[in-house]
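Here the structure is laid out as structure tokens; the discussion comes afterwards.
Bear in mind the structure is a predicted one, so any value in this text is a computation, not a measurement. Just so we're on the same page: letters track the sequence lines, and every chain starts at 1.
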2 protein chains.
Amino acid sequence: MSDSEKDRSTEEKIKDAARVVFHKKGFAATRTRDIAEEAGLNLALLNYYFRSKEKLFDIIMLETMMGFMGAMMFVFNDEGSSFEEKVEKTVSSYIDLFIKEPQIPLFIMNELQRNPEGLAGKLNIKSVLLNSVFARQYQEVMNRRGGEPLHIMQFVMSLMGLLVFPFMGRPMLKIIGDLNDEKFVTMMKERKKLVPVWIEAILSAG
Amino acid sequence: MSDSEKDRSTEEKIKDAARVVFHKKGFAATRTRDIAEEAGLNLALLNYYFRSKEKLFDIIMLETMMGFMGAMMFVFNDEGSSFEEKVEKTVSSYIDLFIKEPQIPLFIMNELQRNPEGLAGKLNIKSVLLNSVFARQYQEVMNRRGGEPLHIMQFVMSLMGLLVFPFMGRPMLKIIGDLNDEKFVTMMKERKKLVPVWIEAILSAG
DNA sequence: GTCTATATTTAGATAGAC
DNA sequence: GTCTATCTAAATATAGAC
């Protein structure tokens, strides 16, 4: 029972609980008491292990951002795969991630809006996209295609929009589209095939 | 000076200030003091006019939702315009709206996630999309096109993703794409032409 | 209607027993 | 390390003077 309830250290229990609650409610709406309850532990232990709500949040935020950006950057800098393969791989793995943890996109966009400087510096993601293998391959695709070139950020916005938005808009989409959870997940899985095809269509459209 | 600082009633001043602060920070992170300060008024007046922070928030939320959904529903139920014209009109007017008030999408998605029941009932947006003229025209386009039919919600998710996501992801996109505000707005205006073309390409892609 | 001063409630943090 | 009880600070709400 190496991974059971009893085995996880108290510190890990707190972090796991904090992740759940912060992702769901964001920093401001989260009460440390909620985290303690979610962890099945005493409130005082949060401060014993992490000093303050803010320090605990910073850790969760950093780990979440690294998980979110890290996966993409690994794929984007693989010299061995084509542009099209990178798109497919990115779409597929992010959809899997967001099916498991649907609150991540909204959580990140939110906290990044509230505090744009905070983590941007620590992770220096500044030019990590523009200098990637993916960006170079994008230019090659553009040159091959000819016609009016499309700014890479227009492309990235569209890729992320197709990929990420359904999870951010999920509550609204469920209402206006009369979808239950099962149907929603089925549609997200369908998008693994659809989005890459659409991306191709967008790039060919000029 | 019918629209000047002095003319607006105190109630309007509070609502305007509340809109600004709530849109920027969300419910939990907003302090009533911030609203009072933004309005240039005394804190006690908020309770005099609106009883509580929560009631004031509900009003702002309702108005924001109605502005957001209302514009779309008006276009979507126009019998006189084609499917393609509706897409163009929707894209164009939402981009204009979000350039003026960039925080709206994130604000709505957020508060809808925190409290999905809250306003959904009041506005009964449940079948307002599926029963619209737009939905009927979408089916006609699908039939004309032939091949594997695409669920209308897959289409709506994509349209909204292309349209709305850049504004929700703005802080991140500005960092990873090294964009300033001016460049960002220029790109959003470009999308008024790009998105309808891409939508066409997506529908033709099968 | 508007303000100052104050009451009340809530939530983060800590002291001290075990 | 963990808990109970408590302190403190912050934020919402209200009483009462003008």
Do K53(B) and T32(B) meet the criterion of a side-chain donor-acceptor pair at a distance under 3.5 Å?
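Per modelled atom types, K53(B) and T32(B) side chains form no pair under 3.5 Å.
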What side-chain donor-acceptor pairs closer than 3.5 Å can you find for residues 35-43 of chain A, not counting sequence neighbours?
unit_1, atom_1, unit_2, atom_2, d
N42(A), OD1, A44(A), N, 2.7

Non-neighbouring partners of F27(B) that pass ring pair (Phe, Tyr, Trp, His ring centres under 6.0 Å), sequence neighbours left out
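Here the qualifying residues are F57(B).
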So, using ring pair (Phe, Tyr, Trp, His ring centres under 6.0 Å) as the criterion, who are the partners of F155(B) when residues are at least two apart?
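Ring pair (Phe, Tyr, Trp, His ring centres under 6.0 Å) list for F155(B), sorted by chain: F83(B), Y138(B).
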Indicate, with yes or no, if the rings of F98(A) and F167(A) have centres closer together than 6.0 Å.
yes
Around atom NZ of K174(A), are there more than 12 heavy atoms of other residues, nucleotides or ligands at under 6.0 Å?
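Check passes, neighbour count above 12.
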Within 6.0 Å of CZ in R51(B), more than 12 heavy atoms from elsewhere
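No - once you tally the heavy atoms of other residues, nucleotides and ligands closer than 6.0 Å, there are 12 at most.
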Nearest whole angstrom, please: distance from the C1' of dG1(C) to the CD1 of I14(B).
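The answer, rounded to whole Å, is 11 Å.
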Value in whole Å for how far the P atom of dG1(C) lies from CG of L46(B):
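That distance rounds to 15 Å.
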S92(B): which residues meet the side-chain contact (heavy atoms from CB on, under 4.5 Å) condition with it, sequence neighbours left out?
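Per chain and number, S92(B) pairs via side-chain contact (heavy atoms from CB on, under 4.5 Å) with D96(B), K192(B).
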The helix from dG1(C)-dC18(D) to dC18(C)-dG1(D): angle between its terminal axes, five pairs each, to 10°?
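It comes to 10° between the two terminal axes.
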Scan Y49(B) against the nucleic acid and name what it touches under 4.0 Å (heavy atoms): base, sugar-phosphate only, or nothing.
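Result for Y49(B) = sugar-phosphate.
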Grab the N/O contacts between the protein and nucleotides 12-15 of chain C below 3.5 Å, and write none if there aren't any.
unit_1, atom_1, unit_2, atom_2, d
dG12(C), OP1, T30(A), O, 3.3
dG12(C), OP1, K53(A), NZ, 3.1
dG12(C), OP2, T32(A), N, 2.8
dG12(C), OP2, T32(A), OG1, 2.8
dG12(C), N7, R33(A), NH1, 2.8
dG12(C), O6, R33(A), NH2, 3.2
dA13(C), OP2, K53(A), N, 2.9

